[in-house]
Amino acid sequence: MASLSLRHIYKKYPGGVTAVSDFNLEVKDKEFIVFVGPSGCGKTTTLRMIAGLEEITEGELFIGDRLVNDVAPKDRKIAMVFQNYALYPHMSVFENMSFGLKLNKTPKEEIKRRVEEAARVLDITHLLDRKPKALSGGQKQRVALGRAIVRNPMVFLLDEPLSNLDAKLRAAMRTELTKLHERVGTTFVYVTHDQVEAMTMATRIVVMKDGLIQQVDTPQTLYDKPCNIFVAGFIGTPQMNFINGKLHKKGDDVYFDFEGVSLKLPADKANAPELADYIGQEVVVGLRPEAINDNAEVVAANPETSFDVDVDVTELMGAEIYLYLNAGEETKLIARVSPRSTSRAGQKITVNFDMTRLHIFDKDTERCIIH
């Protein structure tokens, strides 16, 4: 078992292209770390540098206490699971799982024991004699995981391993991977562009953009306290609502104004010292869809934080309804409301903002001022 340490890691390609910049991360032993971000953000490149499949341009990479910059992939005590499974089509499941052990001249009895143990853990014992073409996508994924498990690696590296599966199977495999991590007790580093996978499996998430780390934290902290507009918009489905407006002070109270609407901030946010320099300035306010309410009783009880909107589209999701709202020429909102909501497309309704859950961002730097 091992920790991972990435210190000032850079990946530069010929022609001046920098894929990863000053990447610093300490991964604890047995953590489940997920790299997440849009395509081209550098997450897979970073994973491949850990695996030894990409050369590190600058910086130091430690697996445990060992500097591995110049260590060959096969000697790093890591195992990688790829998006396309990379199984040998002419070999049986048993042969695929045991291939790496045979190359390392592991005794036959030990190979048999390890493969059978991994097959039992992954519930693929009945598939050991089959060829990959006779397997479903989910079964192929389990074989690829099994091939990694038998090597007893110090670190598991998984590159979008669920992206080829259908939605139902992906959800099931997320649960399986979480259980597998607990069972195997090894450090997992997982790459995905799907923030639902990141939120449900990770002990910590690394959010990346343009080769740079934006924020590293637990899923709940990222959701509740994003450090900037990018993280706030990337984490959460539907994504956070962003509203451009201005702060103004009236007596001891602070209000947020946008498109003819003026909403009072709660006292703790209004009195936050970080906000003092932004009075009279333009800011961006962020609010999660679940913090917008169309309940008549809530609206009536909170007139200073309620206002009229037009309902554009409604989406019934079963356990909830998404309301797509127009709050002016520029302001479009999404609200996540109760399935008992009577709001329908074409109506004008009054909604309430739960201002205690407001995030305020600097318009120029996009950094979060207060949560």
Checklist entry - Got I292 and R336 here, is their nearest side-chain heavy-atom distance under 4.5 Å? => result no
Next on the checklist: Main chain of S98, side chain of R147: is a donor-acceptor contact present, judged purely on distance under 3.5 Å?
Outcome noted: no
Checklist entry - Where do F99 and F94 land on the ring-ring contact (aromatic ring centres under 6.0 Å, His included) test, with the steps shown first? => result CA-CA 8 Å; F99 186 68; F94 184 95; over 10 Å; no
Item to check | N/O donor-acceptor pair under 3.5 Å between N241 side chain and I334 backbone | outcome: yes
Checklist outcome for this item: Going by chain and number, the hydrophobic cluster around M240 (ILVMFWY, side chain to side chain under 4.5 Å) further includes I229, F242, V284, F361
Next on the checklist: Using only atom types and a distance under 3.5 Å, with no angle test, would you say the side chain of R151 pairs donor to acceptor with the backbone of G100?
Outcome noted: no
Could you give the side-chain donor-acceptor pairs of residues 340-350 under 3.5 Å, partners two or more places apart or in another chain?
from: S341; atom 1: OG; to: D294; atom 2: OD2; distance (Å): 2.5
from: S341; atom 1: OG; to: S343; atom 2: N; distance (Å): 3.2
from: S343; atom 1: OG; to: D294; atom 2: OD2; distance (Å): 2.7
from: R344; atom 1: NH1; to: S341; atom 2: O; distance (Å): 3.3
from: Q347; atom 1: OE1; to: R344; atom 2: N; distance (Å): 3.0
from: K348; atom 1: NZ; to: D310; atom 2: OD1; distance (Å): 3.3
from: T350; atom 1: OG1; to: D308; atom 2: OD1; distance (Å): 2.7

Next on the checklist: Is the shortest side-chain heavy-atom distance between K102 and I111 below 4.5 Å?
Outcome noted: yes
Checklist entry - Under a single-linkage rule joining Ile, Leu, Val, Met, Phe, Trp and Tyr whose side-chain heavy atoms are separated by less than 4.5 Å, which residues share a cluster with V299? => result none
Checklist entry - In a check of side-chain contact (heavy atoms from CB on, under 4.5 Å) between V20 and each of K43, K12, K11, E58, which one passes? => result K11
Checklist entry - Between H359 and V285, is there a donor-acceptor pair closer than 3.5 Å when you use the side chain of the first and the backbone of the second? => result no
Next on the checklist: Other residues, nucleotides and ligands only: do more than 12 of their heavy atoms fall within 6.0 Å of CG on D75?
Outcome noted: yes
Next on the checklist: Can you confirm if the NZ or CZ of R7 lies within 45° of the ring axis of F62 and under 6.0 Å from the centre of its six-membered ring?
Outcome noted: yes
Next on the checklist: Could you check whether E197 and Y190, counting side-chain N and O atoms only, form a donor-acceptor pair closer than 3.5 Å?
Outcome noted: yes
Next on the checklist: Looking at R120 and E117, is any side-chain nitrogen of the basic one under 4.0 Å from a carboxylate oxygen of the acidic one?
Outcome noted: yes
Checklist entry - If you look only at pairs with a residue in residues 276-289, which of them pass as a side-chain hydrogen bond (donor to acceptor under 3.5 Å, both in side chains), with sequence neighbours excluded? => result Y278-D362, E282-K363
Checklist entry - Just by distance, do the side chain of T106 and the backbone of L101 share a donor-acceptor pair under 3.5 Å? => result yes
Checklist entry - Relative to each other, are the rings of Y255 and H248 parallel, tilted or perpendicular (30° and 60° limits)? => result parallel
Checklist entry - Is it true that a side-chain atom of Q195 and a backbone atom of G236 form a donor plus acceptor pair closer than 3.5 Å? => result yes
Checklist entry - Salt bridge or not for R170 and D194, using N-O below 4.0 Å? => result yes
Next on the checklist: In terms of relative ring orientation, are F234 and F230 parallel, tilted or perpendicular, with 30° and 60° separating the classes?
Outcome noted: parallel
Checklist entry - With distance as the sole test, does N352 use its side chain to make a donor-acceptor pair with the main-chain N or O of N293 at under 3.5 Å? => result no
Checklist entry - Listed by chain and number, what are the side chain to side chain donor-acceptor pair (under 3.5 Å) partners of N228, not counting sequence neighbours? => result Q214
Item to check | Residues R113 and E110 bridged, charged N to O under 4.0 Å | outcome: yes
Checklist entry - Would the F256 and F353 ring centres measure less than 6.0 Å apart? => result no
Item to check | Sub-4.5 Å side-chain heavy-atom contact between T186 and K30 | outcome: no
Next on the checklist: Has N295 got a side-chain atom pairing as donor or acceptor with V298's backbone, closer than 3.5 angstrom?
Outcome noted: yes
Item to check | Non-neighbouring partners of E259 that pass salt bridge (Lys or Arg N to Asp or Glu O under 4.0 Å), sequence neighbours left out | outcome: none
